[in-house]
Amino acid sequence: MGKIKIIKGDITKLRCDAIVNAANSSLLGGGGVDGAIHRAAGPELLAECRTLGGCCTGEAKITKGYNLPARFVIHTVGPIYYEHSAVEAEALLSACYENSLKLAREKGLKTIAFPLISAGVYGYPQSEAIRVAVETMKGHAEEFDELTLVLFGEREFGFAGEMFGEFISTPSSTR
Ligand code: AR6
């Protein structure tokens, strides 16, 4: 069975088959992790994104990684939390992970890293977002070598430790 890991760090630094971007429906860049990924990948990423025609909430599209250590970027658009009922928001967030993993599987990619989609500007409660992320990843762990959830802040990393301590990986922990 593939491994699920939860780490604290900057997703743009990860060397894996694909990192996932928490984008907006234009796919033309923004702030947060989206801005960081575009800055690290370089302008060719935006040029490829311009050819994609945007992306609906819950869906995903793939590009090359350009200057990133990751080979590919899977762009997905999370729900804006307050625009939906809680049930609808959860279904859309789960679809982001599902559809990103579907694209990865179709491309034969084996190591995928996710940020905490929707849990920044889009307002999804962090611990709920962690639960949806990990539950969805668990459902597909066997199809991949390694699925990593990359948390940026101390606060969300603390929540994840309380909820899913078995998946936490720190530089000093055994892997
Ligand atoms: N590595 C890993 N996680 C990060 C990084 C990073 N370098 N930078 C931020 N995060 P957000 P959203 C975390 O706001 O809520 C953009 O403008 C951050 O702490 O990036 O889905 C898009 O263009 C948070 O936990 O994404 C959209 O318009 C998580 O990534 C909109 O924001 C997601 O926060 C999408 O909002």
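All ligand and atom numbering here is 1-based and tracks the order in the structure.
Nearest protein heavy-atom contact of atom 21 (O) of ligand 1 is Ser118 N, 2.8 Å. At the top of the distance list for atom 3 (N) of ligand 1, counting protein heavy atoms only, stands Phe152 CB, 3.5 Å. When only non-hydrogen protein atoms are considered, atom 33 (C) of ligand 1 lies nearest to Leu116 O, 3.3 Å. Given atom 15 (O) of ligand 1, the protein heavy atom at minimum distance is Gly120 N, 2.8 Å. Of the protein's non-hydrogen atoms, the one nearest atom 26 (O) of ligand 1 is Ala22 CB, 3.8 Å. The shortest contact between atom 1 (N) of ligand 1 and any protein heavy atom is with Ile11 N, 3.0 Å. In this structure, the protein non-hydrogen atom closest to atom 31 (C) of ligand 1 is Tyr122 CE1, 3.5 Å. Of all protein heavy atoms, the one lying nearest to atom 17 (O) of ligand 1 is Gly31 N, 2.7 Å.
Pairs of residues two or more places apart, or lying in two chains, that qualify as side chain to side chain donor-acceptor pair (under 3.5 Å) and include a residue from residues 154-165 are Gln126-Arg155, Gln126-Glu156.
Ligand 1 has no atom lying under 4.0 Å from any heavy atom of Gly35. Proximity of Ala119 to ligand 1 is established by a heavy-atom distance of less than 4.0 Å. Within the structure, ligand 1 lacks Gly78 among the residues with a heavy atom less than 4.0 angstrom away.
Of the candidates Leu28, Asn21, Val33, Val20, the one placing a heavy atom closest to atom 9 (C) of ligand 1 is Val33.
Taking the side chain as every heavy atom from C-beta outward, Thr51 and Glu48 approach each other to under 4.5 Å. With contacts defined as side-chain heavy-atom distances shorter than 4.5 Å, the pair Leu147/Lys3 does not qualify. In this structure, the side chains of Ile7 and Thr170 stay at 4.5 Å or more apart for every pair of heavy atoms. Taking the side chain as every heavy atom from C-beta outward, Thr136 and Glu98 approach each other to under 4.5 Å.
Salt-bridge check for Lys110 with Asp17: failed, with every basic side-chain N at 4.0 Å or more from each acidic carboxylate O. In this structure, Glu146 pairs ionically with Lys5, as a charged nitrogen and a carboxylate oxygen lie closer than 4.0 Å.
Listed by number with element, the atoms of ligand 1 under 4.0 angstrom from any heavy atom of Gly30 are 17 (O), 23 (O). Ligand-side atoms of ligand 1 in range of Asp10: 1 (N), 6 (C), 7 (N), range being under 4.0 angstrom from any heavy atom. Taking every non-hydrogen atom of Glu156 and a distance limit under 4.0 Å, the qualifying atoms of ligand 1 come out as 19 (O), 25 (O). Interface atoms of ligand 1 facing Gly9, defined by a heavy-atom separation under 4.0 Å, are 1 (N), 2 (C). Atom numbering of ligand 1 starts at 1 in the shown order; those under 4.0 Å from a heavy atom of Asp34 are 22 (C), 23 (O).
Residue-level proximity to ligand 1 for Gln126 is absent, since no heavy atom of it falls below 4.0 angstrom.
For ligand 1, the polar-atom distance check finds an N/O of Val121 within less than 3.5 Å of one of the ligand's N/O atoms.
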Evaluate Glu135 against Tyr97 for side-chain hydrogen bond (donor to acceptor under 3.5 Å, both in side chains), listing each step before the verdict. CA-CA 10 Å; Glu135 292 300 338; Tyr97 289 92; over 6 Å; no
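To the nearest 0.5 angstrom, His75 atom NE2 is 7.5 Å from Ile37 atom CD1. Distance NE2/His140 to OG/Ser100: 10.5 Å, rounded to 0.5 Å.
The aromatic ring centroids of Tyr81 and Tyr122 lie 6.0 Å or more from each other.
With Ile11 as reference, Val150 is the one residue of Leu149, Leu68, Val150 to meet the side chain to side chain contact (heavy atoms under 4.5 Å, CB included) rule.
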